Amino acid sequence: MLKRTQTCGQIRLEHAGHAVTLCGWVNAYRDHGTGLIFVDLRDRDGLTQLVFDKEDASPELLEQADKLRNEDVVAAHGIVRKRDGGPNPKLPTGEVEVVVTKLEVLSKTANPPFLPSDEKNLPNEEVRLRHRYVDLRRPRMQEILKTRHRVTKLTRDYFDEQGFLEIETPNLCRSTPEGARDFLVPSRHQPGQWYALPQSPQLFKQLLMVAGCDRYMQICRCFRDEDPRADRQAEFTQIDCEMSFVEREDVMRTMEGFVRTVWQGVLGVDVPAMDRITYRESMDRYGVDRPDRRFGLELVSITDLAAETDFNVFSQALAKRKGVVKAIRVPGGAEKLTRKLTDGYTEFVKQFGAGGVPVAKYTGPGGAGAETGGFETGIARFIAPIADKLVERLGLEPGDTVLFGADSYAVCTKALGELRLKLAKDLGLIDENKWDFLWVIDFPMFEYDEAERRYFALHHPFTAPNPDQLDAFMAADKNDPDAVEAVVSAGYDVICNGSEIGGGSIRIHRQDVQSKVFDLLGLSEAEAKEKFSFLLDALRFGAPPHGGIAFGLDRLVMHLVKTDNIRDVIAFPKTHTGMDLMSNAPGAVDKAQLRDLYVRSTYTPEAKS
RNA sequence: GGGGCGGUAGCUCAAUUGGUUAGAGUACCGGACUGUCGAUCCGGUGGUUGCGGGUUCGAGUCCCGUCCGCCUCGCCA
């Protein structure tokens with residue numbers, strides 16, 4: 001076999017006169033008949049033009065070249081020279097070509113389902129996934145794989161410099177309550193017993209801190225058997241970190257440095273010091289716990305003003321528990337927001353439980369709606385009594401539109417938060433070249449679930465209360481939801497352009513505090529002991545204060561390569577229903593395999609509900 | 001589990017209100033051509049219109065079911 005001397009992206013004018021051997025795939029061929037054939041050869045690195053010319057090539061070689069087709073795999077040996085026919089400015093190697101003297105066809109291809117060279121005519125994703133090895137040949141996909149590698153390399157280097165040890169943790173774990181649905185693995189040696197694949201290495205990394213490892217990191221696979229989304233996959237990768245003898249600030253400083261290192265190393269972008277905002281502020285102003293601040297359209301509470309109106313929609317909302325009325329000012333909305341758009345918004349917010357979106361246009365004091373305080377259309381007459389105050393609070397200018405939300409705090413916040421994002425997209429307000437990073441802190445420890453009539457940990461049950469909350473937390477009566485829900489944790493999320501790229505907390509390192517959390521979550525002492533005795537024991541036997549974070553590697557890469565499809569950044573991803581279309585996983589297994597595991601399927605086509 | 005969109009040559013798409021033999025580009029096969037780089041020109045192969053049922057004289061088109069893909073709500077401590 002001809003041995004490669006360079007890659008297809010490396011050849012430059014300085015190599016002119018050199019003999020080289022390139023290996024790769026036929027990206028394109030241009031056959032001018034007996035005597036002149038061009039072939040673009042592609043590998044991971046780039047493209048180089050090969051030329052077969054009867055003045056330099058034997059008839060046998062020309063015949064070989066004549067048969068080459070797209071995606072054949074070849075090794076070509078020849079002399080580099082400046083192109084005869086003028087350079088191709090589209091290629092880094094566009095000034096040179098290789099005059100081939102020897103060609104070896106390493107692998108003749110069957111007609112491929114699609115051509116990696118034809119980026120403009122991409123087949124649908126199903127075809128791409130079924131023939132992933134072809135799809136991954138595309139330069140764009142190679143670029144993404146390289147970026148992902150670059151990120152993991154930067155990650156290991158950064159944390160190594162910061163004194164972290166990379167330590168592996170088990171993939172066959174014990175199922176623990178709370179959280180996502182587990183993927184389960186039956187045990188052969190322990191009939192009737194099951195492992196769970198880790199949702200995250202949470203407990204193990206805490207135990208490593210108790211074990212004196214001081215600083216740990218791992219790039220690890222996590223599994224959550226829930227329905228995916230565009231940015232979520234059941235099997236995904238975390239950059240998992242934990243540090244001992246630290247407070248919240250220490251972790252945040254270290255992790256901010258990590259983000260800065262990655263953005264600098266991959267994109268050359270300087271990430272400035274990150275703002276911090278509280279969970280409460282984020283929910284109030286942006287309607288989500290992961291605000292996108294690349295544009296305005298903030299939510300403004302007008303609950304107090306709404307009480308002064310006779311508007312039914314407002315008063316019904318205010319009658320609810322924690323009822324609120326909020327508004328979004330859309331600058332210049334009178335022109336940009338068509339009736340069709342605003343009608344669509346009413347439908348849009350219904351999926352979040354809201355009733356609709358009242359709309360008012362502000363025309364100014366001299367405008368068409370003079371008798372209703374400068375507002376016109378729809379609800380103008382209802383808000384006339386508070387017109388002046390509304391103008392002042394929202395900072396309205398003539399030509400603005402105001403969109404209202406009125407409901408319980410939870411519903412109104414969610415609906416307007418989602419509407420804010422939709423507005424920004426519809427109006428093209430998002431600057432895709434902007435980077436906005438921030439920390440969201442001071443999350444509540446618990447949320448009360450009305451349906452299940454119990455508390456849930458907002459982050460996870462090992463999150464510590466913020467130090468200034470510790471006494472209040474330990475004293476909180478579990479029958480007093482207001483007291484419990486008021487406790488703020490030592491958790492933190494890193495947000496990039498409105499998406500959570502990482503989240504963590506200072507952990508509980510005192511057994512009495514951990515027991516109190518389990519108690520609030522409704523875990524009896526016996527249950528807690530059964531499920532978590534190893535953790536509670538560890539906390540008894542000398543646990544250092546510690547805390548950490550986990551970044552979503554897939555999401556980091558998604559941002560860095562500007563894609564909104566998580567499957568693009570995973571070499572072999574799964575579909576919406578958890579199938580690998582290439583290997584056809586999951587699949588049936590032998591009865592004998594099941595028997596060994598003491599497992600019998602109850603599945604019948606009818607049983608699938 | 002709910003809602004939405006989609007499935008027609010290998011691939012990307014088209015096909016008046018239901019109406020003749022389902023077309024085009026590209027890939028592939030054959031031929032022509034010495035400076036291309038989306039090469040060009042000529043010819044050709046290629047179809048269970050996802051699958052099953054129904055309505056109809058007649059279904060790619062309408063109806064029901066089902067499978068697959070994507071988006072989304074729920075879910076994701």
Side-chain angles (χ1 to χ4, degrees), chain A residues 27-40 47-57 62 66-67 69-71 83-91 93-94 97 99 109-131 134-135 176-182 199-200 202-203 222-234 236 347-353 414-415 418 422 443 445-447 449 451 455-463 489 491 500 503 505 517 521 552 564-565 567 574-577 579 581 605 608-609:
Chain A
N27 192 66
Y29 60 92
R30 294 175 291 280
D31 185 350
H32 288 253
T34 48
L36 184 66
I37 299 169
F38 298 100
V39 170
D40 293 339
L47 288 178
T48 293
Q49 172 165 291
L50 309 179
V51 60
F52 298 84
D53 193 323
K54 76 174 171 202
E55 287 175 20
D56 308 279
L62 280 171
D66 186 52
K67 289 186 184 136
R69 290 298 177 266
N70 292 319
E71 299 309 306
R83 286 194 183 198
D84 256 8
N88 180 354
K90 290 182 203 161
L91 295 179
T93 62
E97 61 191 4
V99 185
T109 181
N111 190 16
F114 59 99
L115 295 175
S117 55
D118 195 7
E119 296 246 22
K120 280 176 218 149
N121 237 344
L122 261 192
N124 70 45
E125 203 174 359
E126 203 173 333
V127 177
R128 290 174 50 202
L129 290 174
R130 193 156 275 130
H131 304 277
V134 177
D135 193 35
T176 55
E178 306 266 322
R181 193 178 290 113
D182 284 321
Q199 296 179 24
S200 78
Q202 182 60 38
L203 290 173
C222 302
F223 306 87
R224 295 177 189 174
D225 190 6
E226 300 291 350
D227 289 354
R229 285 289 185 280
D231 63 349
R232 245 167 47 191
Q233 182 103 157
F236 65 102
E347 285 312 304
F348 176 76
V349 298
K350 278 181 182 167
Q351 60 181 320
F352 309 107
K414 171 82 178 165
E418 297 288 345
K422 186 165 173 57
F443 293 85
M445 293 262 294
F446 302 97
E447 257 176 347
D449 185 290
Y455 298 104
F456 280 85
L458 205 77
H459 187 48
H460 59 56
F462 319 107
T463 303
S489 81
E500 182 197 326
S505 61
V517 171
L521 292 175
D564 50 13
N565 179 350
R567 293 176 299 281
K574 291 183 173 54
T575 69
H576 213 250
T577 52
M579 292 212 284
L581 295 179
K608 194 181 168 192
S609 54

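Quick caveat: nothing in here was measured; it's all calculated off a predicted structure. Throughout, protein chains are lettered first and strands after them, A, B, ... in sequence-line order, and every chain is numbered starting at 1.
Within the structure, every side-chain polar atom (N or O) of T577(A) is placed at least 4.0 Å from both OP1 and OP2 of C68(B). In this model, the phosphate group of G74(B) is not approached by any side-chain N or O of R181(A) to a distance below 4.0 Å at OP1 or OP2. For the pair R229(A) and C73(B), the criterion of a side-chain N or O lying under 4.0 Å from OP1 or OP2 is met.
Comparing U72(B), G69(B), C29(B) by their closest approach to the side chain of L581(A) singles out G69(B). Listed nucleotides A27(B), C73(B), C76(B) differ in distance to Q351(A); the shortest reach to its side chain belongs to C73(B). Side chain of R232(A), nearest nucleotide from C71(B), C73(B), C76(B): C76(B). Taking every side-chain heavy atom of N70(A) into account, C28(B) is the closest of G74(B), C70(B), C28(B). The side chain of D227(A) approaches G74(B) more closely than any other nucleotide in the set C70(B), G74(B), A27(B).
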Practice prompt. Starting at the 5' end of nucleotides 33-38 of chain B, put B wherever the base has a protein heavy atom under 4.0 Å, S where only the sugar-phosphate does, and a dash everywhere else.
Written response: BBBBBS
Item to complete: Using a 4.0 Å cut-off on protein heavy atoms (strictly under), produce a 5'-to-3' string for nucleotides 41-46 of chain B with B for base contact, S for backbone-only sugar-phosphate contact, and - for none.
Response: ------
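We find the OH-CE distance between Y455(A) and M445(A) to be 12.0 Å, quoted to the nearest 0.5 Å. In this structure, CZ on R30(A) lies 11.5 Å from CD1 on I37(A), to the nearest 0.5 angstrom.
Residues meeting the salt bridge (Lys or Arg N to Asp or Glu O under 4.0 Å) test with R128(A), sequence neighbours left out: D135(A), D568(A). A search for salt bridge (Lys or Arg N to Asp or Glu O under 4.0 Å) contacts involving K54(A) returns nothing, not counting sequence neighbours. For R232(A), there are no salt bridge (Lys or Arg N to Asp or Glu O under 4.0 Å) partners, not counting sequence neighbours.
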Protein and nucleotides 10-14 of chain B: nitrogen or oxygen contacts under 3.5 angstrom:
unit_1	atom_1	unit_2	atom_2	d
G10(B)	O2'	P113(A)	O	3.2
C11(B)	O4'	P113(A)	O	3.0
U12(B)	OP1	N124(A)	N	2.7
U12(B)	O2'	N121(A)	OD1	3.3

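Looking at L129(A) and M579(A), their side chains never come closer than 4.5 Å, going by heavy atoms from C-beta outward.
The nearest heavy atom of RNA chain B to D564(A) and to L458(A) marks one nucleotide each, and the one closer to the 5' end goes with D564(A).
C76(B): no Watson-Crick or G-U partner with both key distances under 3.5 Å is found in any strand. Using Watson-Crick or G-U wobble geometry with both donor-acceptor distances under 3.5 Å, G69(B) finds its partner in C5(B).
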